[in-house]
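So you know, we letter chains A, B, ... as the sequences are listed, proteins then strands, and number each from 1. In this text the structure is predicted, and so the values were computed from the model without any measurement. The basis for the numbers below is simple: all heavy atoms, side chains too, and nothing from hydrogens, waters or symmetry mates.
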Number of protein chains: 2
Amino acid sequence: MDGKLTKENATEQQLPRLGIAPYLTLMGDTASSETDQDAAQLGLLMLWLGDHVLDIMDLELSSYSITESKLDLLLMLFLHADKELLTPSALADRMGIRRSSVTALLNWLEKRNWINRESYDKDGRMTHVRINAEGRVFLQQVLPQFWSTCASLIEDLDTEERKLFSKVLLKLNDRIEKRLGVGR
Amino acid sequence: MDGKLTKENATEQQLPRLGIAPYLTLMGDTASSETDQDAAQLGLLMLWLGDHVLDIMDLELSSYSITESKLDLLLMLFLHADKELLTPSALADRMGIRRSSVTALLNWLEKRNWINRESYDKDGRMTHVRINAEGRVFLQQVLPQFWSTCASLIEDLDTEERKLFSKVLLKLNDRIEKRLGVGR
DNA sequence: GAATCTAGTTAGATTATCTAATTATATAAA
DNA sequence: TTTATATAATTAGATAATCTAACTAGATTC
């Protein structure tokens, strides 16, 4: 909501931005000989960029008083709404987090009356979770902002760059999801 | 340390992986007409990938009992070690977090005796923070793993892809750091 | 010299996680 | 069919990384 962090610190012996160069020098000194340093440089940039991207998204979402993780779950509930059975366990598996973490997120969503929990007839241990009408209304409200924030991350790439970037992102995302054993 | 999450849930009515397609359909229905949907698709992938990348790094670092944020700060202390004055405030500004958050991170690093705090002669309010010999030894131990993890994120891109990806990453990272007003 | 500003810390909260224990139900085995 | 085991969800309690607000102690300004 605040945009950049409001300056808490005024005058200041500011630190210069180092850029990536000194990191690469250090890498030269400390990387194992088996490490592909060109690849590592790209990985480092990806790590930094990934961090910033999440920061931006949470910043933009904060005006809707929701965080990326919660929206992520709500979206998942929406997209799987056709399933006959949608349990916290299955959601936890898909998201790569523990059931107890899903419980906490669901409690939050339920408190706002965006989802309902129904106990499952055919197996009394299980709970079927579904997004309800109010939850859908909320999605309608927040998603335009969500998509435009996604787009804003990319906007100054030209068409050629986007095409290549798209290919690479799909490849990397696919591979990393396999590695982690999770994914949307 | 565990690699993938150890399976807590056994049998399971597993949820299928949806892939990006249904997200795009939903985007078609809910994005504002001003939103560039091709860009938004890439942004969404970046968001997902960024998330995964941070997960992988924290997973790999967990065997050294340090997290990405703490290592990030320790690295920054190392790379700015030549400065005459390096204060928590300046670090907070560079990292885009509050001074009190830096205090917490520094306490953690200090408890392990990797850094020292010295009060600054010329201004009694300020503290000069420096990485010490033990901190440097720790960096020597952890960095090979850190770099190889960075490299592992990228390893299956070919030379051509890497070259263009590099260009795009630098551009995006630069722009996003300006937008957030922070950066390394 | 009194009021104000600044740096750092502390106190206390929130969010997203985790593990371990608990409860209730279901399944398998004796 | 009782008993043991397994599973699903939740609860209890912890940790990490953040935040804001209040506080302390120096520095600056008027």
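Contact check, B/Ser101 against D/dT18: no side-chain N or O comes under 4.0 Å of OP1 or OP2. Taking 4.0 angstrom as the limit, A/Thr103 places none of its side-chain polar atoms (N or O) nearer than this to OP1 or OP2 of D/dT11. Within the structure, every side-chain polar atom (N or O) of B/Ser100 is placed at least 4.0 Å from both OP1 and OP2 of D/dT18. Phosphate proximity of D/dA17 to B/Thr67: present, with a side-chain N or O under 4.0 Å from OP1 or OP2. The side chain of A/Ser69 places an N or O atom within less than 4.0 Å of a non-bridging phosphate oxygen (OP1 or OP2) of C/dA16. Taking 4.0 angstrom as the limit, A/Arg98 places none of its side-chain polar atoms (N or O) nearer than this to OP1 or OP2 of C/dT17.
Regarding A/Leu71, its CG atom lies at a distance of 15 Å from the C1' atom of C/dT15, rounded to whole Å. Residue A/Arg99 contributes atom CZ, which lies 16 Å from atom P of C/dT23 at whole-angstrom precision. Here C/dT15 presents its C1' atom at 12 Å from CD1 of A/Ile97, a figure rounded to the nearest Å. The separation between A/Leu73 atom CG and C/dA16 atom P is 11 Å, rounded to whole Å. If you take CD of A/Glu110 and P of D/dA9, they are 13 Å apart, rounded to a whole angstrom. Computed from coordinates, the A/Leu105 CG to C/dT15 P distance equals 11 Å when rounded to whole Å. Between the CG atom of A/Asn107 and the P atom of C/dT17 there is a distance of 14 Å, given to the nearest Å. Rounded to whole angstrom, the span from the CD1 atom of A/Ile66 across to the P atom of C/dT14 amounts to 18 Å.
Evaluation of the salt bridge (charged side-chain N to carboxylate O under 4.0 Å, His left out) rule for A/Lys83 yields no partner, not counting sequence neighbours. Looking at residues two or more places apart in sequence or on another chain, you find a side-chain contact (heavy atoms from CB on, under 4.5 Å) between B/Leu164 and A/Leu164, B/Glu160.
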Quick one, give me the B/S/- string for nucleotides 25-30 of chain D, reading 5' to 3', where B means a protein heavy atom under 4.0 Å from the base and S means that only happens at the primed atoms, P, OP1 or OP2. -BS---

For a salt bridge (charged side-chain N to carboxylate O under 4.0 Å, His left out) check, start with the C-alpha distance between B/Glu155 and A/Arg175, then their side-chain angles and the critical distance, and finish with the verdict. CA-CA 10 Å; B/Glu155 63 198 6; A/Arg175 187 169 172 289; 2.9 Å; yes

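The pair B/Arg112-B/Glu134 does not meet the salt-bridge criterion, since no charged nitrogen lies less than 4.0 angstrom from a carboxylate oxygen.
Nearest-nucleotide positions on DNA chain C for A/Lys70 and B/Arg117 put B/Arg117 closer to the 5' end.
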Could you go through residues 24-31 of chain B and list every donor-acceptor pair under 3.5 Å that involves a side-chain atom there, pairing it with any protein atom two or more places apart or in another chain?
from: B/Thr25; atom 1: OG1; to: B/Ala21; atom 2: O; distance (Å): 3.2
from: B/Thr30; atom 1: OG1; to: A/Trp147; atom 2: NE1; distance (Å): 2.8
from: B/Thr30; atom 1: OG1; to: B/Leu26; atom 2: O; distance (Å): 2.7

Exercise answer: donor-acceptor pairs, residues 67-74 of chain B side-chain atoms, under 3.5 Å, sequence neighbours excluded:
from: B/Asp72; atom 1: OD1; to: B/Arg184; atom 2: NE; distance (Å): 3.1
from: B/Asp72; atom 1: OD2; to: B/Arg184; atom 2: NH2; distance (Å): 3.1

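Residues in residues 32-45 of chain A take part in these salt bridge (charged side-chain N to carboxylate O under 4.0 Å, His left out) pairs, two or more places apart or across chains: A/Asp36-B/Arg162.
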